Amino acid sequence: MSNQITNTTETGKFNPISFEDKWYSYWLQNKLFHSEPDEREPFTIVIPPPNVTGVLHMGHMLNNTIQDVLIRRARMQGKNACWVPGTDHASIATEAKVVQMLREKGIKKSDLSRDEFLSYAWEWKEKYGGIILEQLKKLGASCDWDRTRFTMEESLSDAVIDVFIDLHKKGLIYRELRMVNWDPQGKTALSDEEVIFKEVNSKLYYIKYPIVNENTGKGETSDGQQIWSQPYVIIATTRPETILADTAVCVNPLDERYKHLIGMKVKVPFINREISIIADEYVAMDFGTGCLKVTPAHDKNDYELGKKYNLEVIDTLTEEGFLNEKAQDERYIGKDRFVVRKQIAIDLEEAGFIDKIEEYKNQVGTSERTGAVIEPRLTLQWWVDMKKFLEKNPQVLDAVMSDEIKFHPSNMKNTYRHWIENIKDWCISRQLWWGQRIPAWYNEKGELVAVAKTKEEALAQIGSSFNGDIKQDEDVLDTWFSSWLWPISVFDGFKDPNNKDINYYFPTNDLVTAPEIMFFWVARMIMSGYEWKGNLPFKNVYYTGIVRDKQRRKMSKSLGNSPDPLDLIAQFGADGVRMGMLLCSPAGNDILFDESQVEQGRNFGNKLWNAYRLVKGWEIKPDADIEAEIITSNQKSGAWFAARFDEVVSEIDGKFADYKLSEALMAMYKLIWDDFCSWYLEMIKPAYQQPINQSTYDECINHFNQLLSLLHPFMPFITEEIWHGLETKKEGESICLAPYPVAKGLKNIDFSKTFDAITAIRNLRNAKGLSPKEAFKIIIKANDETAYQSNEFLIKKLANVSEVIFDKTAESGQNWISLPVSTDQVLVYLELNIDVDAEKDKIQKEIEYLQGFMKSVDAKLSNEKFVNNAKPDLVEKERQKKADAEAKISVLLESLNSLGL
RNA sequence: GGAGGCAUAGCUCAGCUGGUUCAGAGCAUCUGCCUUACAAGCAGAGGGUCCUUGGUUCGAAUCCAUGUGCCUCCA
């Protein structure tokens with residue numbers, strides 16, 4: 001690779017776009033991300049498979065950046081890192097898209113056979129599937145692409161079917177007629193987790209139901225108060241179209257207002273069906289009128305009531321959400337439920353059945369995928385018996401609670417436990433075609449006769465005495481029923497349970513995912529891990545936040561507030577985008593995305609780039625040609641940076657151990673920007689047009705390389721580019737495999753006094769508006785001069801000082817201005833008249849502050865209870881504080897004196 | 001309605017088991033600087049009643065309680 005700096009514009013700005021694609025191809029060519037089992041320790045991550053037809057959004061960017069950081073770091077640490085990519089067939093979402101595409105072509109799904117439809121779907125998948133994976137490459141994701149899997153490919157589908165059969169055998173799966181969440185647009189059942197509740201403004205209609213026997217329309221309470229005089233009861237509902245399916249009215253048995261009506265009948269408006277008034281404690285007396293209409297076919301709770309009281313179930317809706325003939329009223333049959341809702345309200349009003357209409361806010365369930373309003377519907381579905389499943393696998397909860405599987409942040413454990421402890425059975429059948437078809441077989445009467453992979457196996461199972469025909473279940477399985485097997489199935493752990501891969505890579509290490517799919521996916525993977533591998537599927541779960549815009553709105557297509565990640569990458573470079581996302585994303589916290597963060601990321605790249613330009617621009621001479629004083633100083637500086645670097649490495653290790661990636665990155669940011677660029681490079685930088693000595697240069701390159709290695713997981717592209725630029729590398733070498741820095745436990749080298757003195761002088765220059773070119777003469781007045789003496793050269797260089805005098809007895813005079821540096825003084829000679837009063841003022845203020853501080857410390861120390869109760873070393877520290885403050889005050893007083901007080 | 005969480009600088013957050021990490025970081029703002037790697041930069045500065053009110057304690061941003069506001073999940 002070239003050793004030339006080729007990507008710099010005339011102004012010194014770098015252009016990340018120019019090398020990112022180059023390096024990604026290089027990595028692929030050299031198979032750096034490919035993993036095969038070997039003797040090394042494995043480090044495995046399976047990607048949360050994105051929808052096969054999806055496109056990259058900001059959430060993916062965040063999620064995959066984090067995974068890439070973890071996997072790249074592990075790879076550099078010498079582990080056998082394996083990041084398995086893939087996509088999810090996403091039955092509802094994909095089927096909806098294919099149906100839409102066909103509709104645009106003028107083809108109706110209902111006109112196609114199952115096979116015809118599926119061939120269209122596969123065609124669509126081949127064409128658009130995997131776009132998202134290509135996009136991940138732009139981000140720098142170091143997935144092992146040779147291992148790319150798809151949840152509907154043959155081997156994974158087989159696993160799904162086998163698992164279904166296995167669970168059925170174990171008695172953990174059953175088929176039952178139950179109330180489910182029905183998506184009238186997707187025409188399928190949904191699990192509870194796929195229903196999203198949204199608050200909507202709706203209306204509460206108060207409808208009069210005439211009482212059949214009018215004589216009893218009057219009522220009295222036990223103390224003779226008249227409370228009811230109308231010949232009807234009033235019932236409040238938000239869904240007036242469902243009255244056509246009412247089969248009872250229910251009141252609370254304790255409700256004085258209605259006690260006398262229990263057992264009587266009312267008529268449903270328009271259709272005049274006579275229904276009974278029953279009593280059950282379930283009814284809330286304070287909601288609406290306290291009188292509930294019971295519609296067992298269209299409400300979960302009503303269904304339960306219906307079962308309890310043996311009520312008729314009248315389903316008035318078609319699978320598309322239209323009213324059917326059971327609604328009885330010709331005006332409404334064949335119309336959409338929302339159309340009917342409006343119309344029936346008008347009709348009821350005209351007919352005098354409406355008492356009043358109120359504005360009302362309520363929660364309406366909608367389909368996560370199609371957005372359609374969910375209708376509770378009674379259908380035959382397949383279920384996983386979760387209670388039984390968990391009784392069999394108690395580790396599912398225990399492993400998380402005991403941190404065997406660690407959640408980051410840990411407070412997600414509570415949510416997890418709550419869900420597990422209140423778990424409901426999982427509805428796994430979907431009335432769709434795109435997905436794994438349920439391996440259940442029915443005879444001509446529609447009775448379940450076998451659960452088997454193929455028709456032959458099914459027939460064999462039934463036995464030779466059977467001579468009729470059997471048909472396979474029309475439904476497919478919930479997509480999550482394949483996703484929950486993902487960490488096992490990507491390694492063919494079902495097909496071949498003892499293969500090399502599954503034995504090596506499973507259990508995986510980290511899972512990075514969004515908190516909203518904890519139930520859909522994370523919990524269920526834990527279940528499948530214990531059920532089929534008898535082990536946890538991963539050791540750490542990192543929950544990312546939700547990416548929101550600056551106004552805290554969730555980023556979404558419909559709001560149009562989400563930037564296109566690829567545009568961002570094109571504008572700022574992948575490294576900048578990665579850094580921008582990570583800087584503000586502590587685990588579990590939502591990210592308020594703002595383009596300025598990405599800009600900051602890019603600026604950081606620019607900083608690093610310019611450090612590189614600086615170093616590469618130096619002329620190198622042998623040590624013998626350079627003044628010894630410079631070399632000595634450079635050696636000290638190098639040792640200082642080495643120690644500082646070591647300190648940050650161990651700090652970063654700690655942050656990674658806690659999965660605090662944004663803090664690790666911030667530590668790195670400061671190390672590079674402040675310690676390396678602002679201090680170290682300035683310390684060793686030769687004077688204008690002067691050469692640098694060889695040993696210093698070599699050491700600097702070494703430090704630079706170490707920094708690049710440390711940074712590489714976060715910013716893979718620029719680090720690779722510079723790494724190759726610093727020294728010529730062999731073809732095929734890459735920073736991806738460079739050893740990750742390890743903390744050596746070096747002793748900290750304290751330059752703080754030197755730095756403070758330099759900063760104080762720079763400060764003075766700034767305050768007085770003096771040019772940095774003007775060199776000063778200074779006197780250092782310190783009890784312990786060694787800290788300054790050993791760095792005299794540096795002080796001169798970095799603060800532009802012409803002469804340093806060490807004098808313990810010096811006094812500031814007319815032209816000598818005193819700067820306090822910790823407990824010492826730096827006197828700077830200025831060729832200008834000092835505003836003595838202003839200086840005195842400044843010093844006076846400082847003294848006052850310190851005296852106040854002393855007072856508070858004294859108060860503590862003179863408090864017997866403090867001295868007796870506090871830890872001894874703490875008391876000692878307070879004494880030290882006092883001593884320091886005293887010393888500082890005396891220094892300041894001296895300064896005051898010498899100013900002529 | 002149930003469960004959990006959060007409230008610290010203009011913004012985003014850190015602050016573990018109370019006391020030198022105790023009022024911090026980054027960004028933003030302001031003031032100087034085109035200083036020979038970098039204006040995508042350099043050198044500085046300002047900025048907070050640690051949400052309210054009580055309590056525990058020698059000592060509270062930190063622990064407890066109350067109120068308020070916000071968020072998430074579940075029904």
Side-chain angles (χ1 to χ4, degrees), chain A residues 5 8-9 11-14 192-193 195-197 284 287 300-301 363 365 409 411-419 421-422 424 515-516 518-519 545-546 548 550 552 572 576 580 583-586 588-594 596-597 599-618 654-655 658 660 662-663 665-667 669-670 673 677-678 681-682 685-690 758-774 800 856-857 859-871 873-878 880-881 884:
Chain A
I5 300 178
T8 308
T9 62
T11 48
K13 290 176 182 141
F14 90 124
D192 289 343
E193 286 73 20
V195 178
I196 296 174
F197 285 88
F287 180 81
K300 270 187 189 172
N301 298 315
Q363 300 283 326
N411 59 16
M412 301 302 283
K413 282 160 70 175
N414 292 331
T415 316
Y416 180 83
R417 182 177 56 197
H418 188 255
W419 185 76
E421 286 175 350
N422 294 282
K424 304 231 165 57
E516 64 249 38
M518 182 159 98
F519 309 132
I546 297 167
R548 298 174 181 277
K550 274 188 101 177
R552 281 201 181 272
F572 296 102
L583 268 176
C584 57
S585 59
N589 277 33
D590 286 359
I591 295 204
L592 271 60
F593 183 81
D594 182 5
S596 69
Q597 292 152 2
E599 201 177 322
Q600 194 191 342
R602 181 211 46 190
N603 292 355
F604 181 57
N606 185 57
K607 183 74 185 176
L608 196 64
W609 185 255
N610 279 298
Y612 165 56
R613 287 212 306 151
L614 171 70
V615 171
K616 287 301 279 185
W618 286 335
K655 301 291 186 195
D658 293 340
K660 294 190 170 177
S662 56
E663 287 180 41
L665 180 56
M666 185 47 69
Y669 181 87
K670 285 194 244 180
W673 202 300
C677 292
S678 297
L681 289 181
E682 292 296 332
K685 185 162 107 180
Y688 185 50
Q689 296 203 325
Q690 294 297 304
I758 292 167
T759 302
I761 298 165
R762 284 176 177 173
N763 231 330
L764 173 75
R765 208 187 285 278
N766 195 43
K768 303 281 175 210
L770 299 169
S771 161
K773 286 178 181 163
E774 193 178 336
N800 193 16
S856 76
V857 176
K860 263 191 204 174
L861 285 171
S862 57
N863 182 338
E864 260 181 56
K865 284 180 176 166
F866 170 75
V867 180
N868 294 336
N869 295 330
K871 289 178 217 143
D873 57 328
L874 195 77
V875 178
E876 193 42 50
K877 271 175 186 165
E878 290 295 321
Q880 188 57 45
K881 264 197 226 174
D884 280 357

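If you're wondering where the values come from, they're calculated on a predicted model, not measured in any experiment. Letters go in sequence order (proteins before strands), and every chain restarts at 1.
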In whole Å, I'd like the distance from the [atom1] atom of [X] to the [atom2] atom of [N].
{"X": "A/Asn800", "N": "B/rC33", "atom1": "CG", "atom2": "C1'", "answer": "15 Å"}
{"X": "A/Lys616", "N": "B/rU36", "atom1": "NZ", "atom2": "P", "answer": "23 Å"}
{"X": "A/Gln597", "N": "B/rG26", "atom1": "CD", "atom2": "P", "answer": "16 Å"}
{"X": "A/Lys660", "N": "B/rU12", "atom1": "NZ", "atom2": "P", "answer": "19 Å"}
{"X": "A/Arg417", "N": "B/rG2", "atom1": "CZ", "atom2": "C1'", "answer": "15 Å"}
{"X": "A/Tyr612", "N": "B/rG41", "atom1": "OH", "atom2": "C1'", "answer": "20 Å"}
{"X": "A/Leu614", "N": "B/rC38", "atom1": "CG", "atom2": "C1'", "answer": "9 Å"}
{"X": "A/Leu608", "N": "B/rG41", "atom1": "CG", "atom2": "P", "answer": "13 Å"}

Tell me which nucleotide, if any, is Watson-Crick or G-U wobble paired with [N] when both distances must be under 3.5 Å.
{"N": "B/rC70", "answer": "B/rG5"}
{"N": "B/rU31", "answer": "B/rA43"}
{"N": "B/rC16", "answer": "none"}
{"N": "B/rU36", "answer": "none"}

(request) By nearest nucleotide on RNA chain B, pick out whichever of A/Ala687 and A/Thr759 is the more 5' one. (result) A/Ala687
(message) Using heavy-atom distances to pick each residue's nearest nucleotide on RNA chain B, tell me which of A/Trp673 and A/Lys655 is more 5'.
(response) A/Lys655
(message) Looking at A/Arg762 and B/rA43, is any side-chain donor or acceptor paired with a base atom of the opposite kind under 3.5 Å?
(response) no
[Y] side chain reached by [X] side chain, heavy atoms, under 4.5 Å:
{"X": "A/Gln600", "Y": "A/Phe604", "result": "no"}
{"X": "A/Asn800", "Y": "A/Arg765", "result": "yes"}
{"X": "A/Phe14", "Y": "A/Asn610", "result": "no"}

Which is true for [X] with a 4.0 Å heavy-atom rule: it touches a base, it touches only sugar-phosphate, or it touches nothing?
{"X": "A/Tyr669", "answer": "sugar-phosphate"}
{"X": "A/Trp618", "answer": "nothing"}
{"X": "A/Glu682", "answer": "base"}

(request) Determine the Euclidean distance between corresponding C1' atoms of B/rG47 and B/rG24; express it in Å to zero decimal places. (result) 13 Å
(request) Could you measure between the two C1' atoms, the one in B/rU17 and the one in B/rA7, and give it in whole Å? (result) 23 Å
(message) Anti or syn, where syn is a glycosidic angle within 90° of 0; which label fits B/rU20?
(response) syn
(message) I want to verify a distance call: between B/rA37, B/rG44, B/rA75, whose nearest atom is closest to the A/Arg613 side chain?
(response) B/rA37
(request) Give the nucleotide from the list B/rG26, B/rC74, B/rA37 with an atom nearest to the side chain of A/Lys670. (result) B/rG26
(message) As a quick check of understanding, evaluate ring-ring contact (aromatic ring centres under 6.0 Å, His included) for A/Trp419 and A/Tyr416, giving each step before the final call.
(response) CA-CA 5 Å; A/Trp419 185 76; A/Tyr416 180 83; 7.3 Å; no
